[in-house]
Amino acid sequence: MVKIGASILSANYGYLKDEVKKVEKAGVDFIHIDMMDGHFVPNLSMGIGISKYIKDITNLPTDVHLMVENPDLFIPILANDADMITFHIETCKFPFRTINLIKESGSKPIVALNPSTPIDTIEYILEDLYGVLVMTVEPGFAGQKFITPMLKKIDRLKNIILKEGYDTKIFVDGGVNSETAPKAVEAGADVLIAASAIYKKENIEEAVMSLKASAKFKK
Ligand code: DX5
Ligand code: ZN
């Protein structure tokens with residue numbers, strides 16, 4: 001199985017409840033909420049209130065992707081509102097402390113790596129994580145092109161995880177669509193996150209089905 005997360009960054013914010021219900025009906029596995037602070041990434045997006053709201057209107061798990069300079073500040077505030085919390089290794093001086101904060105808040109910890117960040121930076125925290133999110137675009141915006149060399153990174157990471165016998169799942173975020181999804185899955189992705197390839201399509205059910213079809217390429 002490959003799991004699909006719908007990123008509401010490309011949803012119509014005026015109809016957020018309907019937009020969440022649509023992807024729920026289309027069979028996505030969780031909702032991905034992109035929080036940006038205008039410092040770590042050159043954009044602003046959703047805040048804490050949105051994650052509370054989403055949690056209230058759906059039974060689907062939520063994944064809060066913190067693209068902020070000080071993730072530790074927000075983790076306790078997010079407690080109860082996020083099933084998974086994704087933080088960037090580039091923002092983090094003490095990742096073991098951040099992972100523990102997330103676990104203590106009752107959420108599953110996921111670390112994100114920007115495209116140019118090497119895998120070595122997370123070697124020693126890998127087994128403590130629920131997942132690693134491989135960014136396949138520079139973070140900050142939806143609708144960008146998948147960075148192809150990231151397939152090598154996914155493949156290398158998968159081999160390390162398999163060799164060590166860890167449970168850690170590989171998430172992929174950025175430029176995921178019906179062409180890039182099978183390639184990411186073939187390289188070792190377990191979970192795909194998409195904004196444009198879901199919300200910018202006429203037929204959301206078909207869009208989700210086409211991403212799910214990439215499961216047949218799973219290693
Ligand atoms: C980018 C965000 C992604 C984004 C993906 O900074 O982290 O989650 O919403 O958008 P698409 O799928 O359009 O590349
Ligand atoms: Zn994201």
Side-chain angles (χ1 to χ4, degrees), residues 2-13 16 19-20 22-23 26 28-48 50-51 54 60-69 71 74 78 82-91 102 107-117 129-148 150-151 153-154 169-185 189-202 204 206-208 210-212 214:
V2 169
K3 301 237 180 213
I4 310 291
S7 162
I8 54 169
L9 193 60
S10 292
N12 182 335
Y13 301 157
L16 205 43
E19 295 281 78
V20 169
K22 268 191 220 164
V23 293
V28 304
D29 299 284
F30 64 97
I31 304 291
H32 179 86
I33 304 167
D34 287 308
M35 287 191 187
M36 306 180 190
D37 67 352
H39 293 279
F40 177 58
V41 289
N43 198 3
L44 290 163
S45 61
M46 290 154 244
I48 306 286
I50 300 283
S51 70
I54 303 291
L60 286 179
T62 57
D63 165 32
V64 174
H65 181 186
L66 288 173
M67 284 164 276
V68 302
E69 264 178 9
F74 299 99
L78 282 166
D83 298 278
M84 297 169 263
I85 296 181
T86 301
F87 66 98
H88 272 260
I89 195 69
E90 300 84 4
T91 63
I102 295 174
S107 303
K108 294 173 176 159
I110 302 170
V111 76
L113 301 181
N114 281 343
S116 69
T117 303
L129 293 160
Y130 176 69
V132 177
L133 182 146
V134 177
M135 285 302 303
T136 40
V137 296
E138 297 286 14
F141 303 92
Q144 303 180 80
K145 200 169 161 288
F146 188 97
I147 299 172
T148 310
M150 291 303 102
L151 293 172
K153 193 182 201 174
I154 298 166
K169 298 183 177 18
I170 300 181
F171 289 60
V172 172
D173 185 14
V176 173
N177 56 37
S178 54
E179 274 159 43
T180 56
K183 294 179 189 159
V185 170
D190 304 295
V191 184
L192 302 170
I193 293 162
S196 316
I198 295 179
Y199 279 111
K200 296 291 179 199
K201 296 282 175 183
E202 258 319 73
I204 287 192
E206 256 176 45
V208 172
S210 112
L211 294 178
K212 287 206 161 179
S214 59

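None of these values were measured; they are calculated from a predicted model. Counting convention: from 1, in listed order, for ligands and their atoms alike.
No heavy atom of K200 sits closer than 4.0 Å to any atom of ligand 1. Not a single heavy atom of A197 sits closer than 4.0 Å to an atom of ligand 1. The closest approach between any non-hydrogen atom of D34 and ligand 1 is below 4.0 Å.
If you check which protein heavy atom lies closest to atom 5 (C) of ligand 1, you get D173 OD1, 3.6 Å. Of all protein heavy atoms, the one closest to atom 12 (O) of ligand 1 is A195 N, 2.8 Å.
Of all atoms in ligand 1, numbered sequentially from 1 with element shown, those under 4.0 Å from a heavy atom of A194 are 12 (O). Those atoms of ligand 1 with a heavy atom of H32 less than 4.0 angstrom away are 8 (O). Contact atoms of ligand 1 toward M67: 6 (O), 7 (O) (distance under 4.0 Å to a heavy atom of the residue). Those atoms of ligand 1 with a heavy atom of L9 less than 4.0 angstrom away are 9 (O). The atoms of ligand 1 that sit less than 4.0 Å from any heavy atom of A142 are 10 (O), 13 (O).
The atom name of the N/O/S atom in D173 closest to the Zn ion (ligand 2) is OD2. H65 has its closest N, O or S atom to the Zn ion (ligand 2) at the position named ND1.
In this structure, OD1 of D34 and NE2 of H32 enclose an angle of 90° at the Zn ion (ligand 2), rounded to 10°.
Counting heavy atoms under 4.0 Å from ligand 1, residue S196 touches it through both backbone and side chain.
Taking only nitrogen or oxygen atoms, main chain and side chain alike, I193 does not reach within less than 3.5 Å of ligand 1.
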